[in-house]
Amino acid sequence: MFSSSSSVNGDEALRRNRILSSKLYFDVPQFKVPVIYSKSYNIAFLGIEKLHPFDSSKWGNICRLLIASGMLDKNCIVEPLEASKDDLLVVHSESYLNSLKSSSNVAMMIEVPPVALFPNCLLQHKVLFPFRKQVGGTILAAKLAMERGWAINIGGGFHHCSAEKGGGFCVYADISLCIRFAFVQLNISRVMIIDLDAHQGNGHEMDFANDSRVYILDMFNPGIYPLDYEARGYINQIVEVKSGTHTEDYLQKLDRELKIAGHRFDPELVVYNAGTDILDGDPLGRLKISPEGIALRDEKVFQFAREKNVPIVMVTSGGYMKSSARVIADSIVNLSNRCLIDVRQSSRFK
């Protein structure tokens, strides 16, 4: 009879083998910039997607705006591969993935009840495939960030999903998967998650509960979804920003907390969950941060990584206003203007 430690070691070996045999890490030509996107990210499903407040065409609109600004050449964007079942099993259990074969389960996770009435094969193609492509993008972003110093996945940031539970429009745990892949493929052992979405990132918090290799700074509105008090116990640095918080107070608090995080932990990689649901007027985030405040927020996080000489991965996460795409695109342009990212160069981060 195997001991529990033997079983754990066996599980780790299987996880490692899955990571090493994955096709999601691939060599990206030097002329491409570390901005990751696919047309497959966007969800269009007989108009059903409009029943959820999330703008499921946001990702495509961000890229369209970046190209229109002249900052980004469409031929230089990196297209990721779809995460396979074996890739997903690095974090998720077989039973969890099997649960996604139930249309009612998927409907509950993406918060669109009518989806329960559709054949699951349609949901796999129209909803879950786009999510799996975005997962592939987040995982690849860590490799690109280590090579180029930064990487932005125009999608991803499904921070409410953990190994065994989805919810809040999050079906796959892309942040957890990204970090698990990085531990093995990039030979690193210290990752900082900076989660600045308006909602608590309970998914990755459950996945890395008591894992000293991962330091989590989560700045969120404590009065809104998901109200996951168990997961809060696994946050290294809780920063509460209550409903109605304005830009100046928010940014002052962020400055202070980034300094504290920098003194407490020395990461080899930063994963930045850059939700725009903190925007003034967002119906779910309930904060009052201006578009200019979001650009300054992103600038501060990238500056934090630059000062520590640490590669950074950014994912776009939540944001429930049509204006979110413009705010994100403008912020990325600002990062380029501030020389915190360089879309013209492909050498290792200095």
Side-chain angles (χ1 to χ4, degrees), residues 138 141-142 145 150 152-153 156-162 170 173-176 178-179 182-183 188-224 226-242 245 247 249-278 285 287 289 293-294 296-318 331 335 340:
T138 302
W150 62 277
I152 298 172
N153 183 15
F158 306 130
H159 66 156
H160 297 308
C161 186
S162 64
C170 300
D174 67 316
I175 291 173
S176 301
C178 169
I179 292 170
F183 283 155
I188 62 175
S189 59
R190 299 187 311 278
V191 177
M192 180 182 288
I193 299 172
I194 299 177
D195 194 333
L196 302 187
D197 188 275
H199 300 84
Q200 176 197 349
N202 58 322
H204 57 72
E205 287 154 10
M206 293 302 296
D207 285 340
F208 295 111
N210 302 316
D211 189 331
S212 61
R213 299 174 298 174
V214 179
Y215 184 96
I216 300 173
L217 187 169
D218 196 348
M219 187 166 171
F220 61 94
N221 184 341
I224 59 174
L227 303 173
D228 190 333
Y229 297 101
E230 180 186 357
R232 287 187 195 185
Y234 302 123
I235 302 172
N236 301 94
Q237 195 172 336
I238 294 177
V239 188
E240 295 187 350
V241 280
K242 295 180 179 178
T245 298
T247 303
D249 290 341
Y250 182 95
L251 293 176
Q252 284 179 355
K253 188 169 281 194
L254 177 60
D255 278 335
R256 183 169 65 249
E257 298 297 334
L258 285 174
K259 284 179 184 174
I260 292 169
H263 285 122
R264 286 185 183 174
F265 193 77
D266 186 25
E268 296 169 285
L269 176 70
V270 169
V271 177
Y272 173 35
N273 198 49
T276 46
D277 47 8
I278 66 169
L287 302 175
I289 314 306
I294 287 178
L296 273 169
R297 175 200 68 170
D298 295 348
E299 188 180 319
K300 288 174 185 295
V301 176
F302 272 74
Q303 187 62 45
F304 170 84
R306 170 64 62 89
E307 288 172 358
K308 293 189 78 67
N309 196 32
V310 178
I312 182 170
V313 166
M314 173 176 155
V315 289
T316 57
S317 201
S331 178
L335 291 174
L340 290 166

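As the structure is a prediction and not an experimental result, all values here were calculated from the model. By convention here, the first residue in the shown sequence is residue 1.
Considering only heavy atoms from C-beta on, Phe304 comes within 4.5 Å of Ile194 through its side chain. Asp266 is listed as a side-chain neighbour of Lys308, based on a closest heavy-atom distance under 4.5 Å. Considering only heavy atoms from C-beta on, Phe302 comes within 4.5 Å of Met314 through its side chain. Two residues are said to be in side-chain contact when any heavy atoms from C-beta on lie closer than 4.5 Å; Ile193 and Ile179 meet this criterion.
Considering Asp277, Asp218, Asp228, Asn273 in turn, Asp277 is the only one that fulfils the side-chain hydrogen bond (donor to acceptor under 3.5 Å, both in side chains) rule with His199.
Gly201 and His159 make their closest contact through CA-ND1, 3.2 Å (heavy atoms, listed as atom of the first residue, atom of the second, distance). Closest heavy-atom contact between Asn221 and Gly285: ND2-O, 3.2 Å. Scanning all heavy atoms of the two residues, the minimum distance from Ile175 to Gly157 falls at CD1-CA, 4.2 Å. Nearest heavy-atom pair, Gly156 versus Val315, reported as atom, atom and distance to 0.1 Å: C-CB, 3.9 Å. Annotation for Val241 and Thr245: closest pair C-OG1, 3.7 Å, computed over non-hydrogen atoms. Taking each heavy atom of Gly318 and Asp197 in turn, the nearest pair found is N-OD2, 3.0 Å.
Applying the side-chain hydrogen bond (donor to acceptor under 3.5 Å, both in side chains) criterion to Glu240, with sequence neighbours excluded, gives no partner residue. Every residue two or more places apart in sequence or in another chain that forms a side-chain contact (heavy atoms from CB on, under 4.5 Å) with Ser176 is listed here: Val91, Ala173, His204, Asp207, Phe208. Legend: residues meeting side-chain hydrogen bond (donor to acceptor under 3.5 Å, both in side chains) with Gln200, ordered by chain and number and at least two apart, are Glu205, Arg232. Residues passing the side-chain hydrogen bond (donor to acceptor under 3.5 Å, both in side chains) test with Thr276 are Ser324, sequence neighbours excluded. Residues passing the side-chain hydrogen bond (donor to acceptor under 3.5 Å, both in side chains) test with Tyr234: none are found, sequence neighbours excluded.
Annotation: cation-pi pair Arg213/Phe183 present, NZ/CZ under 6.0 Å from the ring centroid and within 45° of its normal.
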Counting only pairs under 3.5 Å, give me each side-chain donor-acceptor contact of residues 255-262, with atom names and distances, residues two or more places apart or in other chains.
from	atom 1	to	atom 2	distance (Å)
Asp255	OD1	Lys300	NZ	3.0
Asp255	OD2	Lys300	NZ	3.1
Glu257	OE1	Gln237	NE2	2.8

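Atoms CZ and CG, on Arg190 and Leu269 in that order, are 11.0 Å from each other to the nearest 0.5 Å. Here the CG-OH distance, from Asn153 to Tyr272, works out to 14.5 Å after rounding to the nearest 0.5 Å. Interatomic distance, CD1 of Ile294 versus CG of Leu251, reported as 10.0 Å (0.5 Å rounding).
Using modelled atom types, one side-chain atom of Arg297 and one backbone atom of Leu196 make a donor-acceptor pair closer than 3.5 Å.
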